[in-house]
Structure formats: structure tokens, C-alpha cells
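Notes to accompany the following structure.
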Amino acid sequence: RRPPRSTPKPSSAASDVYKRQDLDEVKKKDLATSPKWELLSDTIHRLPCVTIAAINGTVAGGAMGMVLACDMRISVPEASFFYPVVKLGYLPQPSDALRLSKICGSSRAKLILLAGQKLTCKTAYEFGLVDEIVAGNNILSRIDELCLGISNSKRGQISAIKEMIP
């Protein structure tokens, strides 16, 4: 018998909320390309404030879409990334494919989406998917540091800068 872990290993995937036998039902109901997911990720993407994804585990599927919608992505070295839509038999969210290709380039987006390749944090950083790699015990203090710098901005400055960046 294994002793219980002191802390659970973080992971996030849209399919986590469904049992394996329910995945066929997800496909039938077309939840893989849900307008609700599109609305949520678009809302995150369009927020006038800075959004930062703190990545501390595995990011897959729908969680990848939420990470892609953020302005910055800070990760621990042990994190991994994948979008298994081809292996599961459904399409990615349309905005996810667009954001992924904008961030990583179309060839790398195809490697992730069409081939379902799982990326290490180092590779995700090389692809531009991760902006910074920080040791796990320092990730929140690094994000606090970024937020402190951002909080010193003038009213409206952040949203104006975000509008300038395509």
C-alpha cells in the first residue's frame, strides 16, 4: 500500500471532468467545441487587465485553451502540455487553434494538434507557449513580482497596451 501524497499532483484537462465511458457522450453532444468554452476563453483573452497562467502540472485539452487565452504563462519545469483532440476523435476549440498558431507558429501548432504530441516544459518554452520557467517553490512569488510591476501602471495603460498587441 502506498502512503498518501502530502499534496496532490496538479493537472488540468477538460476530459478530467468526464469518466472515460462518458467521452462518447461528450463527442455526441459536441461539447468539445462548446460555445460556452469559446465565450469563456474569449472573455479571459479580452479582459482589460493582465491575465497570468500559473502552470504547475499537466495542461491538456480545455485547460490548454484557458492557458492560451492568458497574456502570460509562467510554468514550473516539471509541467507538461498536450492537446489530445485527434486521439480522442474531436476538434479543438476554434480559438484554441488560432491562438496556438499565433503563439507557436502554424507548424508547431500542427505538431501539437494533429500529432497530439506531449510537450515538456522546456519544449513548450522553446515553442513560445511558456514565457518563463520558474522553480515550483518560487512560482507564486514570481507572479506577485510581475503583478507588483503591473500595478504601478497608470489607469487605462494596460488595456491600451493590450489593444496595441495583435
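These numbers were taken from a predicted model, which means no experiment stands behind them.
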Answer whether the closest heavy-atom distance between the side chains of [X] and [Y] falls below 4.5 Å.
X: Ser75; Y: Glu132; result: no
X: Met72; Y: Val50; result: yes
X: Ile52; Y: Cys147; result: yes
X: Val76; Y: Asn137; result: no
X: Asn138; Y: Ser141; result: yes
X: Ile165; Y: Asp71; result: no
X: Leu114; Y: Lys110; result: yes
X: Arg108; Y: Leu119; result: no

If hydrophobic clusters are built by linking Ile, Leu, Val, Met, Phe, Trp and Tyr wherever their side-chain heavy atoms come under 4.5 Å apart, do [X] and [Y] end up in the same one?
X: Ile55; Y: Ile143; value: no
X: Tyr125; Y: Met64; value: yes
X: Phe127; Y: Val67; value: yes
X: Leu88; Y: Leu111; value: yes
X: Val85; Y: Leu100; value: yes

Point-to-point distance, once rounded to the nearest 0.5 Å, from [atom1] of [X] to [atom2] of [Y]:
X: Asn56; Y: Ile74; atom1: CG; atom2: CD1; value: 13.0 Å
X: Glu38; Y: Asp96; atom1: CD; atom2: CG; value: 6.5 Å
X: Glu126; Y: Thr120; atom1: CD; atom2: OG1; value: 7.0 Å
X: Leu68; Y: Ser41; atom1: CG; atom2: OG; value: 8.5 Å
X: Ile139; Y: Asp144; atom1: CD1; atom2: CG; value: 11.0 Å
X: Lys122; Y: Ser80; atom1: NZ; atom2: OG; value: 15.5 Å

Nearest heavy-atom pair of [X] and [Y]: which atoms, and what distance?
X: Tyr83; Y: Gly61; result: CE1-O, 3.7 Å
X: Ile158; Y: Ser153; result: CG1-OG, 3.4 Å
X: Ala115; Y: Lys87; result: O-CE, 4.1 Å
X: Arg142; Y: Glu145; result: NH1-OE2, 2.7 Å
X: Cys70; Y: Ile44; result: SG-CG2, 4.2 Å
X: Pro48; Y: Lys162; result: O-CD, 4.1 Å

Checklist entry - Quick check: does any side chain N or O of Asp131 sit under 3.5 Å from a backbone N or O of Arg73, one acting as donor and the other as acceptor? => result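 Yes: the side chain of Asp131 pairs with the backbone of Arg73.
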Next on the checklist: Looking at Gln93 and Gly62, would you say the former's side chain and the latter's main chain have a donor-acceptor pair under 3.5 Å?
Outcome noted: no
Checklist entry - Does the pair Trp37 and Met66 meet the rule for a side chain to side chain contact (heavy atoms under 4.5 Å, CB included), with working shown? => result CA-CA 9 Å; Trp37 277 104; Met66 298 304 119; 3.1 Å; yes
